[in-house]
Amino acid sequence: MQNNEYIRRTVMIVLPVAIVACLVLCVIGCFDIAFGVLIGVSCGVSKSLLMIHSVVNEQGAIKSFFLRYLIIAIAFILGIMVSMGAFYGSAAGLFFVHIMFIVDQVRSGKDTGGIG
């Protein structure tokens, strides 16, 4: 299925890059931010997987909407419980997942003659 391939390809890009970014942050001494990035990336991937799962299985849009924003709230609450650096790291991790999805879409559009 195309959806499974898309999910696997994007997650296989996001997770290693996030792990490398966290290791770099740990080396320079920003442990709180690295922890926040891990929280943000894991919640961002979970949110995206939930969104794709709800579209494929035709679940209710309102239920999916509230669950996705609950996941975002959990990421922010966990980040702020650790420190403000972890909060900003979790926000960056959430945005990083979405940026990677957009980059993957633009790149696949160029391969097929679509956007770009």
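Since the model is a prediction, treat every value here as computed from it, not as a measurement.
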Considering all heavy atoms, the nearest Val97-Val41 contact
CG2-O, 3.8 Å
Kindly write out the residues that satisfy ring pair (Phe, Tyr, Trp, His ring centres under 6.0 Å) with Phe76, not counting sequence neighbours, or none if the list is empty.
Phe87
Look at the side-chain heavy atoms of Ile, Leu, Val, Met, Phe, Trp and Tyr, link any pair under 4.5 Å apart, and say whether Phe35 and Ile80 land in one connected group.
no
Non-hydrogen side-chain atoms of Lys47 and His98 separated by less than 4.5 Å:
yes
Sorted by chain and number, sequence neighbours left out, side-chain contact (heavy atoms from CB on, under 4.5 Å) with Ile28 holds for Leu25, Cys30
Shortest non-hydrogen contact between Leu94 and Gly40, atoms and distance
CD2-O, 3.5 Å
Are Phe66 and Leu50 linked, directly or through intermediate hydrophobic residues, by side-chain heavy-atom contacts shorter than 4.5 Å (ILVMFWY only)?
no
Please report, to 0.1 Å, the donor-acceptor pairs under 3.5 Å made by any side chain of residues 15-23, with sequence neighbours excluded.
none

Ile77: which other cluster members, linking ILVMFWY side chains closer than 4.5 Å, directly or transitively?
Met81
Supply the members, apart from Phe95, of the Ile/Leu/Val/Met/Phe/Trp/Tyr cluster built from side-chain contacts under 4.5 Å; use none for a lone residue.
none
Can you pull out every side chain to side chain donor-acceptor pair (under 3.5 Å) where at least one residue sits in residues 72-92? Sequence neighbours excluded, please.
Asp32-Ser83
Results of side-chain contact (heavy atoms from CB on, under 4.5 Å) for Ile99 - residues two or more places apart only
Val103
Between CD1 of Ile74 and SG of Cys43, what distance do you get to the nearest 0.5 Å?
6.5 Å
Here the gap from Leu38 atom CG to Ile33 atom CD1, rounded to the nearest 0.5 Å, amounts to 12.5 Å
Same cluster or not: Val45 versus Phe96, using hydrophobic residues (I, L, V, M, F, W, Y) connected whenever any side-chain heavy atoms lie under 4.5 Å apart?
yes
Rounded to the nearest 0.5 Å, how far does CG of Leu67 lie from OG of Ser46?
11.5 Å
Residues two or more places apart in sequence or in another chain: which of them pass ring pair (Phe, Tyr, Trp, His ring centres under 6.0 Å) with Phe65?
Tyr69
